Amino acid sequence: ETCLKALELGFSSIMYDCSTDSYDENVKSLMNGSIYQKDSGGDPIDIPSITYQELIDFHNKWYRPDNCFVFLYGNIPTLEQLDFIQEKFLTRLEKKYTDLKTSVEDQQENLDNFLSIIKSKKNEKEIIYNTLGPAGDSDEKGMTVSINWNMGTNPTAEKTIEKTILYGVLMNHDGSPLKKVLLDSKLCEDISPITGFATSYEMIFTIGLRGVKKRNSLKIKQLIFSTLKQIVESGISKQDIDSVLMGIELSLREIKRFHGPYSLIIMQNPIIAWLYGFDLEKSFRLRSVFEKEIFFKIYSSASGYLKLTFL
């Protein structure tokens with residue numbers, strides 16, 4: 001079943017609102033039963049209920065040397081660096097923490113315990129939020145409408161790239177098939193900046209529209225789903241696919257720095273894989289993955305670009 005088909009048929013959450021806080025709550029509704037349903041910094045209403053001992057116990061359970069990730073990057077003498085870390089860091093901690101769990105069985109148990117509190121429960125029906133905000137027919141700004149899908153996990157770089165291509169094909173520019181329909185519909189003023197992906201253990205895909213009149217809010221949902229259905233049936237043009245692939249290929253060639261060295265950007269993928277128990281080697285978004293896996297799956301179709309068959 002393709003990702004597009006899943007978007008067309010899958011359960012989602014819908015928000016009619018103008019508030020960022022309400023958007024957060026709406027996205028969290030797709031993480032039912034997961035700790036990611038809660039604010040990472042804690043809910044100010046609930047924070048006073050925690051005891052000092054509970055805080056200490058939590059810290060002692062998770063902030064330990066056998067639950068840390070060491071990442072080395074660069075043209076460096078790796079073995080010398082590892083020896084230095086062992087001598088100056090790890091050996092000291094091993095003496096301090098006499099109950100370290102380092103066996104494969106212990107590590108798997110630790111991972112299983114962690115996954116048990118982050119995996120979300122599947123919503124059996126669509127969730128709709130109508131929240132208060134400065135919206136309505138009398139308000140020129142209108143309101144924000146967003147539709148959100150839980151796209152599941154990304155255990156490999158290939159899966160991440162696949163979903164990136166899916167979003168790009170649908171929403172990359174004003175001429176993209178879904179974005180063009182939404183803008184041409186005159187049901188909204190523009191696309192909301194909340195549109196895109198939010199990623200933790202699972203990926204949340206959001207399409208948000210701003211300046212929607214109250215009377216048109218339900219029409220947005222109908223238009224999005226009918227357009228997705230049409231795209232699934234008619235396929236995707238070669239031009240749209242080429243445009244997205246070119247952008248991704250260029251991004252994989254670039255060395256980008258965001259508020260820090262490039263090594264921190266590189267580290268994001270393997271650290272997520274380590275955190276959630278995915279394959280580290282398959283987590284790197286390498287050009288070889290893109291060229292070998294993605295190109296082959298798209299362009300090997302005899303129908304000639306009619307569909308992103310691997311999605």
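Fair warning: this is a prediction, and the values are worked out from it, not measured in the lab.
- With no hydrogens or angles considered, no side-chain donor-acceptor pair links S243 and D240 at under 3.5 Å.
- Side-chain contact check for D99 versus R64: some heavy-atom pair is nearer than 4.5 Å.
- Here CZ of F71 is found 7.0 Å from OG of S263. Values are rounded to the nearest 0.5 Å.
- The two residues S283 and A273 have their closest heavy-atom pair at CB-CB, 3.6 Å.
- Evaluation of the salt bridge (Lys or Arg N to Asp or Glu O under 4.0 Å) test over residues 258-268, restricted to residues two or more places apart or in two chains, returns none.
- F278 is connected to I117 through a chain of hydrophobic side-chain contacts under 4.5 Å among Ile, Leu, Val, Met, Phe, Trp and Tyr, so both are in one cluster.
- Put simply, CG on L228 and CD on E233 are 11.0 Å apart, with the number rounded to the nearest 0.5 Å.
- Both F69 and L264 belong to a single network of hydrophobic side chains, linked directly or stepwise wherever heavy atoms of I, L, V, M, F, W or Y lie under 4.5 Å apart.
- Summarising the geometry, atom CD1 belonging to I204 is positioned 4.5 Å from atom CG belonging to L30; distances are rounded to the nearest 0.5 Å.
- The closest donor-acceptor contact from the side chain of T195 to the backbone of I191 lies at 3.5 Å or more, if one exists at all.
- Taking the side chain as every heavy atom from C-beta outward, L187 and L209 never approach each other to under 4.5 Å.
- Legend: residues meeting side-chain contact (heavy atoms from CB on, under 4.5 Å) with S226, ordered by chain and number and at least two apart, are L223.
- Environment of CG in N75: sparse, with no more than 12 heavy atoms of neighbouring residues, nucleotides or ligands closer than 6.0 Å.
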Side chain to side chain contact (heavy atoms under 4.5 Å, CB included) between E80 and D83, intermediate numbers included: CA-CA 5 Å; E80 292 181 20; D83 289 339; 5.5 Å; no
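- The aromatic rings of F58 and W62 lie tilted to each other, with the angle between the two planes from 30° to 60°.
- The residues K180 and D174 are annotated as not salt-bridged, no charged nitrogen and carboxylate oxygen being separated by less than 4.0 angstrom.
- Residues S200 and M31 are in side-chain contact: their nearest non-hydrogen atoms beyond the backbone lie under 4.5 Å apart.
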S146 and I194: CA distance, side-chain angles, deciding distance, side chain to side chain contact (heavy atoms under 4.5 Å, CB included) verdict: CA-CA 8 Å; S146 77; I194 63 177; 3.8 Å; yes
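- Using a 4.5 Å cut-off between side-chain heavy atoms of Ile, Leu, Val, Met, Phe, Trp and Tyr, with links allowed through other members, I272 and F284 fall into the same hydrophobic cluster.
- Separation of atoms CD1 (I207) and OG (S192) is listed at 11.5 Å; rounding is to 0.5 Å.
- Scanning both residues, P177 and V169, for their nearest heavy atoms gives CD-O, 3.0 Å.
- Residues E202 and Y36 fail the side-chain proximity criterion, which asks for heavy atoms closer than 4.5 Å.
- Looking only at side-chain heavy atoms (C-beta outward), T156 and K159 come within less than 4.5 Å of each other.
- A 4.5 Å side-chain heavy-atom check between V212 and T144 finds every atom pair outside the cut-off.
- Ring orientation note: the planes of Y201 and Y276 are nearly perpendicular, at an angle over 60° on the 30°/60° scale.
- Heavy atoms of other residues, nucleotides or ligands lying less than 6.0 angstrom from CD1 of I45 number 12 at most.
- Not a single donor-acceptor pair under 3.5 Å links the side chain of E54 to the backbone N or O of I50.
- Under the 4.5 Å side-chain heavy-atom criterion for Ile, Leu, Val, Met, Phe, Trp and Tyr, Y63 and I118 are members of the same hydrophobic cluster.
- Annotation for M203 and N154: closest pair CE-ND2, 2.9 Å, computed over non-hydrogen atoms.
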CA sep, side-chain torsions, deciding dist, call: N150, K122, side chain to side chain contact (heavy atoms under 4.5 Å, CB included): CA-CA 9 Å; N150 187 326; K122 182 180 179 181; over 6 Å; no
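- In Q81, the CD atom is crowded: over 12 heavy atoms of neighbouring residues, nucleotides or ligands sit closer than 6.0 Å.
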Stepwise side chain to side chain contact (heavy atoms under 4.5 Å, CB included) check, D106 with N110: CA-CA 6 Å; D106 288 336; N110 195 40; over 6 Å; no
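- Checked for salt-bridge contact, D66 and K101 miss the test: no charged N lies under 4.0 Å from a carboxylate O.
- The environment of Q53 atom CD is dense: over 12 non-hydrogen atoms of other residues, nucleotides or ligands sit within 6.0 angstrom.
- Atom-to-atom distance recorded for L82:CG and F84:CZ is 12.0 Å, nearest 0.5 angstrom.
- Rounding to the nearest 0.5 Å gives a distance of 4.0 Å between CD of Q86 and OG1 of T91.
- Closest non-hydrogen pair, P65 versus L93, comes out as CB-CD1, 3.7 Å.
- Taking the side chain as every heavy atom from C-beta outward, F225 and I147 approach each other to under 4.5 Å.
- Hydrophobic clustering (side-chain heavy atoms under 4.5 Å, transitive across Ile, Leu, Val, Met, Phe, Trp, Tyr) groups L275 together with I35.
- The closest donor-acceptor contact from the side chain of S176 to the backbone of K179 lies at 3.5 Å or more, if one exists at all.
- Counting only heavy atoms from C-beta outward, the side chains of S217 and M143 approach each other to under 4.5 Å.
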